[in-house]
Structure formats: C-alpha cells, structure tokens
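Below you'll find the structure, written out as structure tokens, and then a few comments.
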There are 2 protein chains.
Amino acid sequence: MKRTPGDTRTAIIAAAAAEFAAHGFDGASVDAIAARARFNKAMIYYHFENKQRLYVEILRDGFRTVGAHTAAIADDADLPPAAKIDRFIDALDDMAASRPYMPPMMMREMAEGAVRLDADSLRLLSRIFENLRRILEEGSRLGVFRPADPVLTYFTLVTPVIFFRASTPVREALARQHVLPAAQVDATRFVTHLKSIARTVLAASPSPAAPAKQKKRTRQSRPGEHA
Amino acid sequence: MKRTPGDTRTAIIAAAAAEFAAHGFDGASVDAIAARARFNKAMIYYHFENKQRLYVEILRDGFRTVGAHTAAIADDADLPPAAKIDRFIDALDDMAASRPYMPPMMMREMAEGAVRLDADSLRLLSRIFENLRRILEEGSRLGVFRPADPVLTYFTLVTPVIFFRASTPVREALARQHVLPAAQVDATRFVTHLKSIARTVLAASPSPAAPAKQKKRTRQSRPGEHA
DNA sequence: GTCTATAAATAGATAGAC
DNA sequence: GTCTATCTATTTATAGAC
C-alpha cells in the first residue's frame, strides 16, 4: 500500500473521474472522491483549487488526448480519407475504452450546456470536430467523398460511440431483465457497424448501399486495420 | 396570475422538468423547482411524495408517450417498413420538440446507469426499443430490409436524435465563438439526414438510397399530447 | 503531505398556522 | 391548498496540528 511520490494527484484524479462519471458534478461529493482515493478530503484541496477545477482538468485531459490523436490522423499524408474516418472512429472508441469515465461525463456536460467548460476546454473539444471536418473536406476535394455537412456527420458518427459506451450499464441491466437480446452487443461490433455506415454514407459515387453486389474497387482504400 | 384548479401539479412538473434537464437530479434543488413554479417548497411535498418520485414521473410520462406513439407506428398495417422507420425517427424528434427536457434528462439517466428508474420505467423505455425491433423484423420478413441487429440500429438511429437535441445549447455556444460553422444546423435537417441514412443502411437490395416511391402521408402529431 | 476538526452554507423534508 | 418556520443531514471548503 505504499504510494510513490506524485501518485497522490493521480489517485485523486482517478477517483474523481469515477465519481463524476457515476454521479455527475453535483452528485459526486468531495468526501466520496476522497474516500475512493483512500485519502482525506483535505488532501483534495491541497492538490486542487476546488471541486470544479478538478472536474474540468479531467475533461480537458480527455479532450486533449482525442484532439491530438485525431489531429495526427487528419494530418497523415499516407492515409486515404476513408481510412482516416475509420481511424477517427477508432480514436473515439479508444478513448472510451481507456477512459471509461469520459462518455458519461461528456453526456452530462452536453446535457447542461457545457456550463462548466471554460474557453480553453471548449477549444479543445472543438478541435475534435475540426479534425473530422478536415478529413471530410479532404475526401471531398479528392473526390472520394460526397460533400457532407460536418456537423451532421459529427453527430451521426461521434455521438453514437459516446452514447453506446456510456449506456453499457443500462444495456446490461436491461439484458438481465430479459428485455434486451441476451446476446451482448460488444463495443467492437458496434464500432465496425459504424464504420460501415460511414463508408456507405460518405461514398462519393451513387454507390449501392449493399456491399453484396458491389464490384471490387480497383485500388481504393481498404482500411480495415485498427489503430 | 390566477391558477385554475389542478394546475399546480402541472406547474410543478413543468418547473421540475426544466430544472432537472438543466442541472440534473442532484443539481436541481427542490427550492429552485419551487421558485421556478412560483410556489413554496412545501407545495412540492404536498403534491409529490419526494423529489425522486417527481423526477421519475416526468421521465415515465415521456417514455410512455413515445412508447405509445411508436407502438402505433409499428402496428400500422398500411405502412411499409421503410415509412415506419421514418415515422419512428419523427416520433423521437417530436418528443424532443414538445418535451425539450427529455433529451438532457435521458442523457443524464443513461450516464448514471438509470439508477433512478424503477422496473416500470425501464419497461416503458424498453418498449421503444421493442417497437423498433418489430419494425426491423417486419421489414426483414418482407424482404425490404436486410437483417439488422436491433441494438446496433437503435443506437445509430435513436441516440443521435437525443444527443443532437440535447446539445443545442452547446452547439449554439460554439457557433457564437465561431468554432462551429455559422450556419446553424436545425433539427429538421438533421432528422432528414438520419432518415436517409436509415434508408440506405437498412435497404435489402443494392437499391438506391432515394425514397422515390413512398406514399405520401401527412405526418401529424398525436392527439391530446402535452403542449 | 497528510491528517482531525470544524466552519458556513445549503440540501431534502416536515410541522403547523391559515 | 398554500404558506412560514424549522429540523436535520450533508455539502464545500478551511484552519491548524503533526
């Protein structure tokens, strides 16, 4: 149970993230965060200015990570646009997997109009959108995507990932009550599904919806690989 | 400023819905709800057992309405499956428009694992899913839809509507900061976009995405529903 | 850096007057 | 039905010992 120096802050952040995700900003008490981190409440105020700064720091870190990740994808000169979309979706799902507290926190933050996000956090959040927009534009410029509204596309591709992962507990509860199909739908299948939708929807040509009868594309992007 | 009898309860519910949507269950104080309803806090406890019952009642009413609406759509023998999907999406968007507090409340409730929903509320919620499942099955049986996983479909079609409408304040804030395209994307366009995706994704044959030959039906809101 | 103790404000909920 | 006043628990945050 020995703690290495610098760990305290990290432990508090981890505990806070879990509490904020589960109960929201108001529902998560500083006491509960401290208890989960196995520290005293005063410790939190030693390391952080107040509850809100702690909260914002967590979100900001998440936004920054996805922002950097998706920026790298958008910048990759070797990657065709269709592959970039796949990677973009993967980047979101990777965040959700490695930071499971992010989807719930983002859902709540959207729900209350992002009132707790300062300008800096909003900028970081908007960069994710911006990176998607750039990919769409490149695809359109190269003629492989049809012109697509970035906002519409963002909400059809990004938010389902957030929602799906955030709703895992509810889906499991419904499955236990036998109101959902017993067969669990895992995130990997969902992501695959979303990618295929993205491909279909963004395709430039009046291409068919069904891949069944689809002629083999000569040498278009066939990006199945995960990040 | 005269109140007709029976209005008190309604006023409290309206105020509570707005507060819950904006601040969440824990963030919305009974005092604030009472103040918004222009009543005293004690009035709330006269009409409702406690804060949580009031909260659940609001959600339950919303679920029940969409559940009934979508059930009627699924049951409609005259409607082809593709049109039913359109109507299903409309039903969700109608709820979001007439009950703007529902999307935020649903997002928050998902985020915390629906811990406040009793079995009855969960049943009402699951009926919405069930109605979509029935439409998909019918379409598949009739050969006009490809077999589609109802859970995957639910999360690609339903959650974007919720998320999009719940995020209206944030989108507007970002637009004011000029980080989003100035041209506002309105809900109608988004719904149209979603319907076209649904059609493309669900199409059985390598058929065109265009809804060329759909019978025109006046899409009308259900009678006697909430203002 | 970490703790105990406590201040100060606010929460949900109730009693009882009218 | 509606109000004022209040009880009790919990909240964020801080002071100060070690």
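Heavy atoms only: backbone and side chains are in, while hydrogens, waters and symmetry mates are out. Within every chain, numbering begins at 1; the chains are lettered A, B, ... in the order of the sequence lines, protein sequences first and strands thereafter.
The stretch residues 42-60 of chain A comes close to DNA chain C through A:Ala42, A:Met43, A:Tyr46, A:His47, each having a heavy atom under 4.0 Å from the strand. Remark: nothing in residues 16-23 of chain B comes within less than 4.0 Å of DNA chain D through any heavy atom.
For the pair B:Arg171 and B:Phe164, the distance from NZ or CZ to the six-membered ring centre is under 6.0 Å and the angle to the ring normal is within 45 degrees.
To the nearest angstrom, P of D:dC3 lies 6 Å from CZ of B:Phe39. Whole-Å rounding puts the B:Ile33 CD1 to C:dG12 C1' distance at 11 Å. Between the NZ atom of B:Lys41 and the P atom of D:dT2 there is a distance of 18 Å, rounded to whole Å. Distance CG (B:Asp31) to P (D:dC7): 16 Å, rounded to an integer number of Å. One atom, CZ of A:Arg38, and another, C1' of C:dG1, lie 18 Å apart when rounded to the nearest Å.
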How does DNA chain D read in dot-bracket, base by base from 5' to 3', with Watson-Crick or G-U pairs under 3.5 Å and | used when the partner is on another strand?
|||||||.||||||||||

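Contact annotation for B:Ala32: no contact, since no heavy-atom pair falls under 4.0 Å across all strands. A:Ala34 comes within contact range of no nucleotide atom at all, as no heavy-atom separation falls under 4.0 Å.
Scanning all heavy atoms of the two residues, the minimum distance from A:Arg116 to A:Val56 falls at O-CG2, 3.3 Å.
Residues in residues 83-102 of chain A take part in no ring-ring contact (aromatic ring centres under 6.0 Å, His included) pair, two or more places apart or across chains. Note on residues 14-38 of chain A: pairs passing ring-ring contact (aromatic ring centres under 6.0 Å, His included), not counting sequence neighbours, are A:Phe20-A:Phe25, A:Phe20-A:Tyr55, A:Phe25-A:Tyr55.
Counting heavy atoms from C-beta outward, A:Arg108 and B:Glu112 have side chains that approach closer than 4.5 Å.
One finds a salt bridge joining B:Arg9 and B:Glu57 here, because a Lys/Arg side-chain nitrogen approaches an Asp/Glu carboxylate oxygen to under 4.0 Å.
At C:dT10, none of the side-chain N or O atoms of B:Ser29 fall inside 4.0 Å of OP1 or OP2 (strictly under the cut-off).
The 5' end of DNA chain D is approached more closely, in terms of each residue's nearest nucleotide, by A:Gly27 than by the other of A:Gly27 and A:Asn40.
Under the 3.5 Å distance criterion, with hydrogens and angles disregarded, a donor-acceptor pair is assigned to the side chains of B:Arg99 and B:Thr65. For the residue pair B:Asn131 / B:Arg134, a side-chain donor-acceptor distance below 3.5 Å is found, with atom types taken as modelled. No donor-acceptor contact under 3.5 angstrom links the side chains of B:Thr10 and B:Asp7, judged on distance only.
Taking the six-membered ring where the residue is Trp, B:Phe155 and A:Phe163 present perpendicular rings, their angle passing 60° and hence far from 30°.
A search for salt bridge (charged side-chain N to carboxylate O under 4.0 Å, His left out) contacts involving A:Asp120 returns A:Arg60, A:Arg123, not counting sequence neighbours.
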